[in-house]
Amino acid sequence: MSATEVLMAFAVTGIIYLTVFGVDDNFWNVMTLAFIVPWVICIPANLYVTKQRKELIDMADRLQETQEELQRVNKDLQHRASFDGLTGLANREHFIELFDQRRMKYQDNILMIVDADHFKNINDGYGHPVGDKALVLLAAVFKRILRKDDLVGRIGGEEFGVLLPDTCAAEGEIIGEMIRHEIENTLFEPHEGIPHRITVSIGLTGVSRHEERAFPMRNADSALFEAKRRGRNQCVLYKPGMREKPRPFYEAGNVHNLTPIRA
């Protein structure tokens, strides 16, 4: 209740009293009560309403903070579900999702599969934490060399996928060689003062807009296998008829003769 409402109640009381009783001995007593009683009522009521309003505001602030925290947690969970925790690159599922989206924008694209050579020797010789350092180094090279719209993801243990949108084969080979050369010439020390040369093999192939995903993936993998077969540390462009990478026995299509196919 505001001061205006109190004054209005005082005036209305006075008018009614004068109309009914006129000015008598009780007039000023009644008018005094008409002035004091509303204040006696409204002051505690206003204090209570103010307290309730403050509690509501505090509750709304806490609710907003909770919602913001949930948004941060959801964003973090989405990031963890889409990106590799070690390298910060897209994980396999997210890479494939983005690959399917971005290749639709251009008719000519290049897919590269990059695999670290003899990576098992690093893990076995220096330990997996050092192997993790090597993967972080490779990721840093990708981020440094690749263009803004290029896509890179960690699609296997030491295997990376790269999509070069709106890129022809000649440009793709140049970028592949830049990556290979940069990695080969980047200093990597498993332990201080102990350098270890890292190289990669790269298979690349063209990717058309509406081509089924399995074909460029298989072709880039075949080109990678050819790079390994030729001695590693090189970039190979897929050509029709190129030998495919041997598949594990469980993918070979002959379920009755489970003989492993060796590389």
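Just so you know, these numbers use all the heavy atoms, side chains as well, and skip hydrogens, waters and symmetry mates.
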(request) Give a yes or no on whether the backbone of G157 and the side-chain of R154 come within a donor-acceptor separation of less than 3.5 Å. (result) yes
(request) For residues L63 and M59, determine if any side-chain heavy atom of one lies less than 4.5 Å from a side-chain heavy atom of the other. (result) no
(message) Less than 4.5 Å apart, side chain to side chain, heavy atoms only: is that true for P190 and I122?
(response) no
(request) I would like to know whether N233 and R197 meet side chain to side chain contact (heavy atoms under 4.5 Å, CB included); could you show each step before the answer? (result) CA-CA 11 Å; N233 190 25; R197 180 168 170 261; 3.3 Å; yes
(request) Search all heavy atoms of F95 against all heavy atoms of M217 and return the closest pair with its distance. (result) CE2-CE, 4.2 Å
(message) Before you tell me yes or no, could you show the steps for L89 and K143 under side chain to side chain contact (heavy atoms under 4.5 Å, CB included), namely the whole-Å CA-CA distance, both residues' side-chain angles and the distance that decides it to 0.1 Å?
(response) CA-CA 9 Å; L89 304 178; K143 294 172 183 177; 3.7 Å; yes
(message) Over 60° means perpendicular and under 30° means parallel, so tell me whether F160 and F142 are parallel, tilted or perpendicular.
(response) tilted
(request) Could you grab the distance from atom CD1 of I175 to atom CZ of R147, nearest 0.5 Å is fine? (result) 4.0 Å
(request) Identify the heavy atoms of L237 and A223 that sit nearest to each other, and give their distance. (result) C-CB, 4.3 Å
(message) Side chains of V136 and K133, heavy atoms from C-beta outward: is any pair under 4.5 Å?
(response) no
(message) I'd like to know if the side chain of N91 and the backbone of A81 have a donor-acceptor N/O pair within less than 3.5 Å.
(response) yes
(request) Group every Ile, Leu, Val, Met, Phe, Trp and Tyr by side-chain heavy-atom contacts under 4.5 Å, then state whether I155 and I202 land in the same group. (result) no
(request) Please answer whether the main-chain N or O of P165 pairs with a side-chain N or O of T167 as donor and acceptor at a distance below 3.5 Å. (result) yes
(message) Any heavy-atom pair between the side chains of E171 and I110 that's under 4.5 Å?
(response) no
(request) Could you tell me whether the side chain of L164 reaches within less than 4.5 Å of the side chain of L146, counting heavy atoms only? (result) yes
(request) State, yes or no, whether a side-chain contact exists between L224 and E159 at a heavy-atom distance under 4.5 Å. (result) yes
(request) Can you measure from OG1 (T87) to CG (L138) and round to the nearest 0.5 angstrom? (result) 9.5 Å
(message) Check this for me, if you would: do D58 and R62 make a salt bridge, where the nitrogen-to-carboxylate-oxygen distance has to be below 4.0 angstrom?
(response) no
(message) Check for me, please, whether I145 and V162 land in the same ILVMFWY cluster - side-chain distances under 4.5 Å, paths through other members count.
(response) yes
(request) Show your reasoning for whether side chain to side chain contact (heavy atoms under 4.5 Å, CB included) applies to R53 and T50. (result) CA-CA 5 Å; R53 185 182 293 115; T50 301; 4.2 Å; yes
(request) In plain terms, say whether K228 and D117 are close enough for a salt bridge, that is, a side-chain N and a carboxylate O under 4.0 Å apart. (result) yes
(request) List the atom of V141, the atom of E182, and the distance in Å for their closest heavy-atom pair. (result) CG1-CG, 3.6 Å
(message) Atom NZ of residue position K120 - does it have more than 12 heavy atoms of other residues, nucleotides or ligands inside 6.0 Å?
(response) no
(message) Do I198 and T186 have side chains that approach each other closer than 4.5 Å (heavy atoms only, starting at C-beta)?
(response) no
(message) Can you tell me how far apart CD1 (I96) and CG (L163) are? Round to the nearest 0.5 Å.
(response) 12.0 Å
(request) Measure the CG-CG distance between L137 and L187 for me, rounded to the nearest 0.5 Å. (result) 8.5 Å
(request) Establish whether L135 and I113 are linked, either directly or via other cluster members, by ILVMFWY side-chain heavy-atom contacts under 4.5 Å. (result) no
(request) Would you check if the side chain of N109 reaches a backbone N or O of R103 as a donor-acceptor pair within less than 3.5 Å? (result) yes
(message) For residues Y238 and F215: do they belong to one hydrophobic cluster (side chain heavy atoms under 4.5 Å, members Ile, Leu, Val, Met, Phe, Trp, Tyr)?
(response) no
(request) Would you give the length of the straight line joining atom NE2 of H191 to atom OH of Y126, rounded to the nearest 0.5 angstrom? (result) 7.0 Å
(message) So F83 and H94, do their side chains get closer than 4.5 Å, heavy atoms only?
(response) yes
(request) Determine whether V114 and F188 fall in the same hydrophobic cluster, where Ile, Leu, Val, Met, Phe, Trp and Tyr are linked whenever their side-chain heavy atoms lie under 4.5 Å apart. (result) yes
(request) For A116 and V200, work out which heavy atoms get closest and say how close. (result) CA-CG1, 3.9 Å
(message) If you compare all heavy atoms of F99 against all heavy atoms of R213, which two are closest, and at what distance to 0.1 Å?
(response) CE2-CG, 3.6 Å
(message) Can you confirm whether the side chains of D115 and S201 place a donor and an acceptor under 3.5 Å from each other?
(response) no
(request) Inspect the surroundings of NE2 in H196 and state if more than 12 heavy atoms from other residues, nucleotides or ligands are less than 6.0 Å away. (result) yes
(request) Can you measure from CD (Q71) to CD (E69) and round to the nearest 0.5 angstrom? (result) 10.0 Å
(message) I need the minimum non-hydrogen distance between R243 and R229, along with the two atoms involved.
(response) NH1-CD, 3.6 Å
(request) Could you please spell out the steps behind the side chain to side chain contact (heavy atoms under 4.5 Å, CB included) verdict for E93 and E97? (result) CA-CA 6 Å; E93 292 76 15; E97 178 186 357; over 6 Å; no
